Amino acid sequence: MPAVPPMPQVDAAEWTKQSSGLEVWDAKVGEGDAAKPSSTVTVHYTGWLTNGKQFDSSVARGETISFSLTRVIKGWQEGIPGMKPGGVRRLKIPANLGYGAAGAGRDIPPNSVLIFEVELISAK
């Protein structure tokens, strides 16, 4: 099973802020056709809170996940299009593009900034 990546540095200079507040950092650019906003993608990902607590990881489970970009949080809808297969992108998602005031389950408190490392396996 692959090792779960360490959490990216929250205040690293590599982050690029978008007009929405989403910040992205391309750790590795992939090759081939880029994911589109309407794509169904297969990814490996790990998610953390800004305090370093990991709340989810497909890498740790050893299973990729596939989903339509139209059915996920806005931070992923904005942050994954443009990625190419094999690419690794880090996303720093403000609460309003994540789970907002509701939070999610036990692990994501209300108004949490989320950090994800996403590896795009494929996009259709």
Side-chain angles (χ1 to χ4, degrees):
M1 186 179 314
V4 174
M7 186 176 109
Q9 190 178 338
V10 175
D11 58 355
E14 289 85 353
W15 293 105
T16 302
K17 194 164 198 167
Q18 313 293 311
S19 59
S20 64
L22 174 72
E23 294 183 56
V24 299
W25 170 356
D26 281 316
K28 178 182 174 191
V29 176
E31 296 180 4
D33 294 333
K36 296 173 178 55
S38 61
S39 291
T40 294
V41 297
T42 299
V43 301
H44 251 318
Y45 70 93
T46 301
W48 301 267
L49 302 175
T50 54
N51 66 6
K53 180 181 188 291
Q54 179 185 308
F55 59 80
D56 195 10
S57 178
S58 69
V59 178
R61 288 191 299 275
E63 293 181 6
T64 59
I65 184 169
S66 299
F67 52 83
S68 167
L69 286 176
T70 62
R71 299 183 175 272
V72 290
I73 60 172
K74 290 191 185 317
W76 281 40
Q77 290 178 9
E78 183 179 330
I80 293 178
M83 287 185 74
K84 296 176 180 178
V88 176
R89 182 172 287 172
R90 295 165 180 167
L91 304 174
K92 189 188 313 178
I93 302 175
N96 66 314
L97 298 179
Y99 295 102
R106 264 179 296 180
D107 296 325
I108 301 175
N111 302 310
S112 293
V113 173
L114 308 175
I115 308 288
F116 284 97
E117 183 165 289
V118 180
E119 177 185 3
L120 183 65
I121 309 299
S122 67
K124 305 185 232 188

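Values in this document were obtained by computation on a predicted structure and should not be read as measured data. Values reported hereafter were calculated over all heavy atoms of this structure, with side chains retained and with hydrogens, waters and symmetry mates removed.
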Open item on the list: Please report the interatomic distance CG(Asp26) to NZ(Lys84), rounded to the nearest 0.5 Å.
Closed with: 10.0 Å
Task: Thr42 and Ile65, any side-chain heavy atoms less than 4.5 Å apart - done: no
Task: Donor-acceptor contact below 3.5 Å, side chain Thr46 vs main chain Val4 - done: no
Task: Check: Leu114 main-chain N/O paired with Ser112 side-chain donor or acceptor under 3.5 Å - done: no
Open item on the list: Tell me whether Phe116 shares a hydrophobic cluster with Val88, the cluster being built from Ile, Leu, Val, Met, Phe, Trp, Tyr side chains joined at under 4.5 Å.
Closed with: no
TODO: Over all heavy atoms of both residues, which pair between Ile93 and Gly98 is shortest? Give the atoms and the distance, please.
DONE: CG2-N, 3.7 Å
- [ ] Measure from NZ or CZ of Lys92 to the centre of the six-membered ring of Trp25, then state whether that distance is under 6.0 Å and the direction lies within 45° of the axis.
- [x] no
Task: Expected output: side-chain Ser39 to main-chain Val41 donor-acceptor under 3.5 Å - done: no
Open item on the list: Less than 4.5 Å apart, side chain to side chain, heavy atoms only: is that true for Val24 and Gln18?
Closed with: yes
Task: Linked, directly or transitively: Val113 and Phe55 (ILVMFWY side chains, under 4.5 Å) - done: no
Open item on the list: Quick test of your reading of the model: are Glu117 and Arg90 salt-bridged, counting only N-O distances below 4.0 Å?
Closed with: yes
Task: From CA spacing to verdict: ring pair (Phe, Tyr, Trp, His ring centres under 6.0 Å), Phe67, Trp76 - done: CA-CA 11 Å; Phe67 52 83; Trp76 281 40; 5.4 Å; yes
Open item on the list: Just verifying a value: how many Å separate Gln54 CD and Asp107 CG, rounded to the nearest 0.5 Å?
Closed with: 10.0 Å
TODO: Spell out, yes or no, whether Met7 and Leu22 are grouped together once hydrophobic residues are joined by side-chain heavy atoms under 4.5 Å, including indirect joins.
DONE: no
Task: Any donor-acceptor N/O pair, Trp15 side chain to Gln9 backbone, under 3.5 Å - done: yes
Task: Shortest non-hydrogen contact between Ile80 and Val118, atoms and distance - done: CD1-CG1, 4.2 Å
Task: Spatial distance of atom NZ (Lys28) from atom CE (Met83) [nearest 0.5 Å] - done: 10.0 Å
Task: Distance-only polar pair, side chains of His44 and Thr64, donor-acceptor under 3.5 Å - done: no
Task: Pair Val72-Gln77, side-chain contact (heavy atoms from CB on, under 4.5 Å): steps then yes or no - done: CA-CA 6 Å; Val72 290; Gln77 290 178 9; 4.0 Å; yes
- [ ] Without swapping roles, check the side chain of Lys53 against the backbone of Trp48 for a donor-acceptor pair under 3.5 Å.
- [x] no
- [ ] Looking only at non-hydrogen atoms, find the nearest pair between Ala60 and Ser57 and report the distance.
- [x] N-OG, 3.0 Å
Task: Heavy-atom pair with the smallest gap, counting every atom of Pro37 and Thr70 - done: O-CG2, 4.1 Å
Task: Distance in Å, Ser19 OG paired with Glu78 CD, rounded so as to fall on 0.5 Å steps - done: 6.5 Å
Open item on the list: I'd like to know if Arg61 and Asp56 make a salt bridge, using a cut-off of under 4.0 Å between side-chain N and carboxylate O.
Closed with: yes
Open item on the list: Distance check, rounded to the nearest 0.5 Å: Leu91 atom CG versus Ile115 atom CD1?
Closed with: 9.0 Å
Task: Nearest heavy-atom neighbours spanning Ala3 and Val59 - done: O-CG1, 3.6 Å
Task: Note, Asn96 side chain near Ser20 side chain (heavy atom, < 4.5 Å) - done: no
TODO: State, to 0.1 Å, how close Gly82 and Ala34 come at their nearest heavy-atom pair, and which atoms those are.
DONE: O-CB, 3.6 Å
Open item on the list: If I take atom CG from residue Asp11 and atom CD from residue Glu23, how far apart are they, to the nearest 0.5 angstrom?
Closed with: 10.5 Å
